Number of protein chains: 2
Amino acid sequence: MADTPEPLFELLNEVAIISQLSGSLFEARLPDGFLVSHFGVLNHLLRVNDAPTPRTLARNFQVPKTTMTHTLSGLARHGLIRFEPNPRDGRSKCVRITEAGRRFHGDAIAAIGPDLAALAARIDTAHLAGTLPALRELRAALDAMRDV
Amino acid sequence: MADTPEPLFELLNEVAIISQLSGSLFEARLPDGFLVSHFGVLNHLLRVNDAPTPRTLARNFQVPKTTMTHTLSGLARHGLIRFEPNPRDGRSKCVRITEAGRRFHGDAIAAIGPDLAALAARIDTAHLAGTLPALRELRAALDAMRDV
DNA sequence: CCATTATAATACGATATCGCACCATCTAGA
DNA sequence: TCTAGATGGTGCGATATCGTATTATAATGG
């Protein structure tokens with residue numbers, strides 16, 4: 001199964017381009033002052049349905065702690081997340097999404113709806129949906145490989 | 001063919017995560033001071049085998065002109081690209097990859113080789129390779145939708 | 001228990017990304 | 001031909017991202 005990695009590089013290249021283009025599109029639809037990084041954190045918090053620490057989040061996203069600190073402070077400033085004491089570690093805190101954060105997340109997805117519809121009209125979505133399991137496998141593998 | 005966009009959003013989500021994780025991995029292997037954005041430009045220049053203008057590059061990547069100006073100046077400073085006058089537009093210039101840039105590109109890919117091999121060992125690469133045509137279609141559609 | 005080492009979060013400064021404004025050049029239309 | 005509007009690239013400043021250093025706290029081992 002371990003084959004020449006070149007096709008893998010090419011695939012990751014495609015992924016990077018797709019991510020860049022779709023991210024720019026999405027970000028243009030977010031309210032002023034918000035970035036994909038903000039949405040990404042909210043999305044993750046909803047997905048895991050938990051209140052992870054900044055450290056855990058930084059790891060999950062593979063960004064430096066200071067980057068995550070800054071991103072979270074922006075979200076907190078807008079009331080989209082709140083910080084709670086971490087009962088297991090006095091140095092730490094837990095990040096919880098607020099009701100406003102949930103609404104923000106829903107609104108952001110709604111705002112990109114028309115663009116996605118336009119995109120779906122241009123492609124074979126059924127064909128593309130077939131790629132989802134493989135992409136999930138790839139993500140899981142990358143998750144397993146990341147710095148702890 | 002135009003279906004509910006929700007699965008599309010989910011797929012783009014997976015793509016964004018994969019891109020973030022693989023990008024961090026790749027960037028860790030680049031020489032100090034270099035970012036994925038630098039490599040991306042070199043990769044693109046090799047791919048199109050042409051000397052596009054900064055404006056065209058900024059469009060292709062869907063980043064602001066000033067961002068591209070800054071990225072290109074970094075590449076030029078290291079001799080990985082050079083600027084040539086644009087014979088068709090006195091306001092503009094053409095960006096050409098240098099021999100050093102080609103070598104840099106090759107070295108960067110070689111440097112990520114072991115990681116890709118390790119990744120390939122964890123996944124069904126044949127299954128994943130099957131996703132490439134669909135991803136290319138998606139990229140082409142996004143390319144068609146982008147701001148001109 | 002205590003000393004050493006490790007770790008979580010943040011202050012701070014450097015650089016990357018971004019938007020606004022500007023100037024030189026180009027394009028389009030009267 | 002000329003003028004108004006548009007465009008390419010960059011200066012400049014604001015913010016996002018990043019790395020170093022710091023402090024408080026936790027973990028580990030003798």
Side-chain angles (χ1 to χ4, degrees), chain A residues 16 19-21 23-41 51-78 80-96 147-148, chain B residues 16 19-21 23-41 51-78 80-96 147-148:
Chain A
S19 175
Q20 168 66 25
L21 297 184
S24 291
L25 181 61
F26 186 52
E27 205 158 85
R29 307 291 180 238
L30 290 177
D32 248 18
F34 288 98
L35 305 172
V36 163
S37 47
H38 295 118
F39 177 84
V41 168
T53 64
R55 180 71 181 87
T56 297
L57 286 170
R59 275 199 188 124
N60 287 338
F61 284 87
Q62 285 291 289
V63 299
K65 290 187 294 185
T66 44
T67 300
M68 186 51 70
T69 295
H70 188 273
T71 302
L72 293 177
S73 72
L75 288 169
R77 190 169 62 242
H78 288 94
L80 303 186
I81 61 168
R82 68 173 180 263
F83 295 120
E84 299 169 354
N86 183 348
R88 278 156 305 181
D89 190 335
R91 303 167 299 183
S92 186
K93 56 192 174 182
C94 298
V95 182
R96 193 174 296 276
D147 287 342
V148 289
Chain B
S19 177
Q20 168 64 27
L21 297 184
S24 292
L25 182 60
F26 186 52
E27 204 159 86
R29 307 291 180 237
L30 291 176
D32 248 17
F34 287 99
L35 306 172
V36 164
S37 49
H38 296 119
F39 177 83
V41 169
T53 64
R55 181 69 180 88
T56 298
L57 285 170
R59 275 199 189 124
N60 288 335
F61 284 88
Q62 284 290 288
V63 299
K65 290 186 294 183
T66 43
T67 301
M68 185 52 69
T69 294
H70 187 274
T71 302
L72 293 177
S73 71
L75 287 169
R77 189 170 61 245
H78 288 94
L80 304 186
I81 63 169
R82 66 172 183 264
F83 295 120
E84 299 170 354
N86 181 349
R88 277 157 307 185
D89 190 336
R91 301 167 301 185
S92 187
K93 55 193 177 180
C94 298
V95 184
R96 194 173 295 277
D147 288 340
V148 289

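What you see below is based on every heavy atom in this structure, not just the backbone, and it leaves out hydrogens, waters and symmetry mates. Here the structure is a predicted model, which means the values were calculated and not measured. Sequence lines set the chain letters: A, B, ... in the order given, protein chains first and strands last, and positions in each chain run from 1.
Comparing B/G90 and B/T66, the nucleotide of DNA chain C nearest to each residue sits closer to the 5' end for B/T66.
Distance, B/L30 CG to D/dC18 P: 14 Å, rounded to whole Å. Between A/R88 atom CZ and C/dA8 atom C1' the separation is 14 Å, expressed in whole Å. When rounded to the nearest whole Å, the span between NZ of A/K65 and P of D/dG19 equals 12 Å. For A/L57 and C/dT10, the CG to P distance is 12 Å, given to the nearest whole Å. Per the geometry, CD belonging to B/Q62 stands 12 Å off P belonging to C/dG19, to the nearest Å. Nucleotide C/dA11 holds its C1' atom 19 Å from the CE atom of A/M68, rounded to whole Å. Protein atom NE2 of B/H38 is 14 Å distant from nucleotide atom C1' of D/dT17, rounded to whole Å. A/F83 has its CZ atom 16 Å from the P atom of C/dA8, to the nearest Å.
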I would like to know whether B/F26 and B/F39 meet ring pair (Phe, Tyr, Trp, His ring centres under 6.0 Å); could you show each step before the answer? CA-CA 10 Å; B/F26 186 52; B/F39 177 83; 4.7 Å; yes
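Between B/R29 and B/E27 there is no salt bridge, since no side-chain N of the basic residue sits under 4.0 Å from a carboxylate O of the acidic one.
Remark: B/T67 is not in phosphate contact with C/dA16, judged by side-chain N or O atoms under 4.0 Å from OP1 or OP2. Look at B/T69 and you won't find any side-chain N or O under 4.0 angstrom from OP1 or OP2 of D/dG9. Considering only side-chain N and O atoms, B/K93 lies under 4.0 angstrom from the phosphate OP1 or OP2 of D/dT10. Regarding contacts with the backbone of C/dT25, every side-chain N or O of B/R91 stays at 4.0 angstrom or more from both OP1 and OP2.
Side-chain atoms of A/T71 never come within 3.5 Å of backbone atoms of A/H38 as a donor-acceptor pair (strictly under, hydrogens ignored). Between the side chain of B/Q20 and the backbone N or O of A/F61 there is at least one donor-acceptor pair closer than 3.5 Å.
When distances are taken from the side chain of A/P64 to each of C/dA9, D/dT17, D/dG19, the shortest belongs to D/dG19. For A/V63, whose side chain is taken as the heavy atoms from C-beta onward, the closest listed nucleotide among C/dA9, D/dC18, D/dA16 is D/dC18. Picking from D/dT17, D/dG9, C/dA8 the nucleotide with the shortest atom distance to the side chain of A/S37 gives D/dT17.
Atom OG1 of A/T69 and atom CG of A/L57 lie 10.5 Å apart (nearest 0.5 Å).
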